[in-house]
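Here's the structure, in structure tokens; my notes come after.
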Amino acid sequence: MKILVAVKQVAALEEDFEFRADGRDVDGDFLVMDLNEWDDYSLEEAVKIKEACGGAVEIVAVSVGPPTVDEALRKCLAKGADRAVRIWDEAMRGSDSIAVARILAAAARAEAPDLLFAGVQSSDQAVAATGIATAGFLGWPHAAVVSQFTYTPGAATAVLRRELEGGLLHELEIRTPAVLTIQLGINTPRYASLRSIKQAAAKPIELRTLADLSLNAAEVGEAGSSARVRRMYVPDKGRAELIEGSAAEQAKRLAAIIRESTGAA
Amino acid sequence: MSGVLVIAEQRRGELRPVSLELLGAAQALGGLPVAVAVLAPNPARFVPALSVPGVAEVITVELAISEFDPDTFESAVGALIRARAPAVVLMAHSVDSFGYAAALAARHGYGFATDVFKVERTGGELIATRGGYGQKVNVEVDFPGRDTVILALRANVFKPPEGTAAPVVSAFEAPAVESRSLGREYIEPPGGDDVDMSTAEFILSIGRGIGEEAKVAQFRELAQALGATLGCSRPIADAGWLPKSRQVGQSGKTASACKLYVAMGVSGAIQHLAGMKHVATIVAVNTDAEASIFSVAKYGIVGDIFEIAEELRRHF
Ligand SMILES: Cc1cc2nc3c(=O)[nH]c(=O)nc-3n(C[C@H](O)[C@H](O)[C@H](O)COP(=O)(O)OP(=O)(O)OC[C@H]3O[C@@H](n4cnc5c(N)ncnc54)[C@H](O)[C@@H]3O)c2cc1C
């Protein structure tokens with residue numbers, strides 16, 4: 001049995017950042033990269049399935065991105081992925097969730113997994129679309145925002161709970177192969193041990209190109225995306241009145257605001 | 001049609017409030033005719049609530065099941081889009097739409113954007129605005145060459161239309177579909193005998209900024225001294241440091257009765273804001289001056305929560 005775990009290296013902004021000259025994205029020099037928080041949970045969910053059945057499961061972490069993404073994939077190898085696949089071609093630069101999904105779907109066809117996990121969303125762009133769009137391209141059953149998952153390798157169906165607004169859960173049974181987007185809190189992701197980090201550093205990361213996946217340049221990157229970014233800008237800041245001074249002075253003012261708002265003397 | 005098709009959202013027989021907000025947003029699209037579709041068993045029951053000014057047509061789509069099912073919705077909404085050829089499809093950015101909208105857009109090559117909080121149409125050109133990099137920037141997108149664009153709109157942003165109207169009502173027959181998942185049951189979130197956050201008037205809320213479980217006690221004690229109810233963001237509840245019933249936000253509780261909300265070490269993710277941004281007095285304490293919590297706060301302290309907490313304790 002095989003589980004494909006789609007992961008993303010997300011970007012956070014440095015405190016002071018600048019936009020690119022064309023104003024359509026932040027200059028890459030001002031980005032701090034890390035593995036997407038949601039993907040930690042989907043990888044752990046795959047590792048739990050593998051451990052529960054005694055190991056006859058292959059976990060493949062797959063990501064679309066340039067060589068810097070290897071760092072995120074090594075993290076996955078250290079936390080229990082058996083293989084790591086990175087897909088890249090310069091033509092893929094600027095891909096939105098839909099274009100990335102088209103690439104992931106091609107990779108899934110090649111790998112033929114029983115399950116494909118993705119995070120509900122990524123912490124940087126929060127589109128919440130990649131996993132389910134991948135299912136769309138594959139024509140596979142799918143469910144989003146999965147907060148509980150039960151599956152026995154080899155079974156024709158899995159049972160899961162979707163987490164709805166207000167924390168309401170909706171339980172359903174789904175046929176496999178399926179694509180599931182995994183929600184925070186579904187498990188407790190493990191930390192990688194020093195030993196496994198060292199071992200992961202020595203493992204190969206398999207590379208795939210456009211041609212390997214029988215895709216063409218027009219299907220990926222900006223050309224293959226479902227929207228075009230016109231511009232990015234810093235929004236007008238809200239109305240917060242900043243309380244200045246030392247911590248003691250700030251706390252004193254906060255105490256006064258609390259007394260005033262709660263009507264306490 | 002080339003108009004706007006709005007997909008109303010119902011859950012367990014109740015129209016979700018965001019449905020009317022979508023109709024408010026539809027009216028800002030430069031006078032395109034607006035049709036709203038409601039998919040449910042016995043959908044006619046929702047017609048009165050959807051008959052608001054600006055709606056030209058209510059389309060009822062009879063479904064055999066009342067709960068959301070990805071295959072059923074993808075097939076029915078997909079058929080409706082092909083039949084009506086709308087220029088814009090508006091739906092809620094909700095857990096249900098997470099479950100099918102992207103698949104629909106992917107398969108049919110529609111323009112697509114999610115979590116949109118601003119939408120305009122000038123000279124026939126559609127422009128949507130969403131957040132990027134943890135809501136620290138705004139991203140303006142358009143959809144060159146797309147005849148149909150699906151936009152999933154953020155809740156609690158667009159104003160629902162007021163009043164009533166008499167739109168045309170028509171029925172649309174959804175194609176038969178063999179769904180590959182089977183809904184079983186709903187499970188209520190654990191309420192327990194813990195506090196009811198929705199009735200608390202003063203909430204002291206802690207986020208991941210507290211760093212470790214051992215620090216929770218200090219804030220519990222502070223809340224008690226202040227007479228506040230201790231609440232939290234999702235990571236604190238997910239880690240089991242506080243019960244789930246204390247989590248404020250989209251998948252937790254709404255601070256409905258709250259008048260004063262002090263957020264400590266909470267970044268202000270959109271799903272957290274969903275449960276508290278309406279509160280009259282919000283005070284945010286965060287070391288990151290750019291944290292989005294400051295955009296909804298009335299007062300902000302750029303500083304360390306432990307220092308502020310310690311100093312604040314002296315006053316009570
Ligand atoms: C479908 C869905 C539903 C969700 N539902 C909810 C929900 O109901 N509620 C919810 O909260 N989240 C929810 N989330 C998760 C949400 O997206 C965020 O991940 C979460 O709100 C982040 O919590 P946080 O602000 O505590 O953590 P972070 O985003 O990590 O922020 C921690 C903050 O603490 C600050 N900080 C760190 N140290 C200090 C210090 N010493 N002093 C001062 N400040 C400090 C940092 O600057 C940072 O801003 C949901 C997500 C999804 C996809």
Side-chain angles (χ1 to χ4, degrees), chain A residues 11-13 15 26 97-98 101 123-129 132-133 135-137 141-145 161-175 184-185 226-235 237-243 247-248 250-252 254-255 257-258 261-262, chain B residues 67 70 94-95 98-99 102-107 111-115 127 132-134 136-144 180-189 202 226-227 234 238 244 250-252 259-260 281 283-284 290 294-303 307-308 311-312 315:
Chain A
L13 298 181
E15 201 170 319
V26 171
S97 301
I98 299 289
S123 56
D124 52 2
Q125 307 308 340
V127 178
I132 299 303
F137 285 121
H142 51 86
V145 196
R161 289 179 178 182
R162 297 193 299 136
E163 184 197 68
L164 309 179
E165 286 80 5
L168 181 70
L169 300 173
H170 180 214
E171 185 169 287
L172 50 95
E173 190 173 345
I174 192 166
R175 283 187 214 161
L184 304 171
S226 62
R228 176 181 68 174
V229 175
R230 290 165 63 96
R231 65 176 181 126
M232 273 189 202
Y233 60 96
V234 176
K237 285 285 174 292
R239 59 200 169 101
E241 173 194 326
L242 288 189
I243 301 171
Q250 289 170 320
K252 189 173 170 207
L254 177 52
I257 292 166
I258 291 172
S261 311
T262 57
Chain B
E67 74 269 22
S94 64
V95 174
F98 284 13
L104 199 57
R107 270 172 181 253
F112 185 55
T114 65
D115 199 19
I127 299 173
Y133 296 110
K136 287 187 174 175
V137 303
N138 281 2
V139 187
E140 219 177 68
V141 297
D142 61 10
F143 313 90
R180 296 163 300 175
S181 48
L182 178 69
R184 286 180 165 180
E185 56 172 338
Y186 285 106
I187 300 120
E188 298 294 337
F202 174 18
L226 299 179
R234 179 163 185 140
D238 277 347
K244 197 80 178 160
Q250 188 194 296
S251 55
K259 298 188 177 74
L260 174 62
T281 306
V283 187
E290 304 302 320
F294 288 121
S295 69
V296 300
K298 188 165 179 186
Y299 303 102
I301 294 177
V302 178
E307 281 182 36
I308 298 294
E311 292 290 344
L312 184 61
H315 295 273

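As the structure is a prediction and not an experimental result, all values here were calculated from the model.
The minimum heavy-atom distance linking F98(B) with I132(A) is given by the pair O-CG1, 3.2 Å. Here the shortest heavy-atom pairing between H142(A) and G99(B) reads CE1-O, 2.9 Å. Residues G183(B) and L172(A) approach most closely at CA-CB, 3.8 Å, considering heavy atoms. Of all non-hydrogen atoms in G136(A) and R107(B), the two that sit nearest each other are O-NE, 3.3 Å.
Of the listed residues (I301(B), V302(B), D115(B), D142(B)), the one with the most heavy-atom contacts under 4.5 Å to chain A is D142(B). The candidate with the highest count of non-hydrogen atom pairs below 4.5 Å against chain A, out of E307(B), K244(B), K136(B), is K136(B). Between chain A and the residues Q250(B), E67(B), R184(B), K298(B), the largest count of heavy-atom pairs under 4.5 Å involves R184(B). Chain A forms the most heavy-atom pairs under 4.5 Å with one residue out of R234(B), K259(B), E188(B), and that residue is R234(B). Comparing E290(B), E311(B), R180(B) by heavy-atom pairs within less than 4.5 Å of chain A, the highest count is held by R180(B). Your options are E165(A), K252(A), E173(A), R162(A), and the one with the most heavy-atom pairs under 4.5 Å with chain B is E165(A). Chain B forms more heavy-atom pairs under 4.5 Å with one residue of A11(A), A144(A), A247(A) than with any other, namely A247(A). Your options are R230(A), M232(A), R175(A), and the one with the most heavy-atom pairs under 4.5 Å with chain B is R230(A). With chain A as partner, the option from A113(B), A284(B), G252(B), G303(B) having the largest number of non-hydrogen pairs under 4.5 angstrom is G252(B). Contact count against chain B (heavy-atom pairs under 4.5 Å) is highest for S226(A) among S226(A), G185(A), G167(A). Top candidate by heavy-atom pairs under 4.5 Å with chain B, chosen from A129(A), P141(A), S123(A), A128(A), is P141(A).
The distance from atom CG of L254(A) to atom NE2 of H315(B), rounded to the nearest 0.5 Å, is 9.0 Å. How far CZ of F112(B) is from CD1 of I98(A): 5.5 Å, rounded to the nearest 0.5 Å. With values rounded to the nearest 0.5 angstrom, S251(B) atom OG is found 10.0 Å from L164(A) atom CG.
The backbone N or O of E140(B) lies less than 3.5 Å from no partner atom in the side chain of R231(A), so there is not a single donor-acceptor pair. Between the side chain of R161(A) and the backbone N or O of I187(B) there is no donor-acceptor pair closer than 3.5 Å.
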>> Between Q125(A) and Y133(B), is the side chain to side chain contact (heavy atoms under 4.5 Å, CB included) condition met? List the steps.
In response: CA-CA 6 Å; Q125(A) 307 308 340; Y133(B) 296 110; 3.4 Å; yes
> side chain to side chain contact (heavy atoms under 4.5 Å, CB included) between R228(A) and V141(B): does it pass, once the steps are laid out?
Replying inline: CA-CA 5 Å; R228(A) 176 181 68 174; V141(B) 297; over 6 Å; no
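When heavy atoms are compared at a cutoff of 4.5 Å, L104(B) does not approach chain A at all. Interface residue I308(B): backbone and side-chain heavy atoms are both found under 4.5 Å from chain A. Interface residue V145(A): only side-chain heavy atoms are found under 4.5 Å from chain B. Both the backbone and the side chain of V137(B) come within less than 4.5 Å of a heavy atom in chain A.
Within a 6.0 Å radius of CD in E185(B), more than 12 heavy atoms belonging to other residues, nucleotides or ligands are found.
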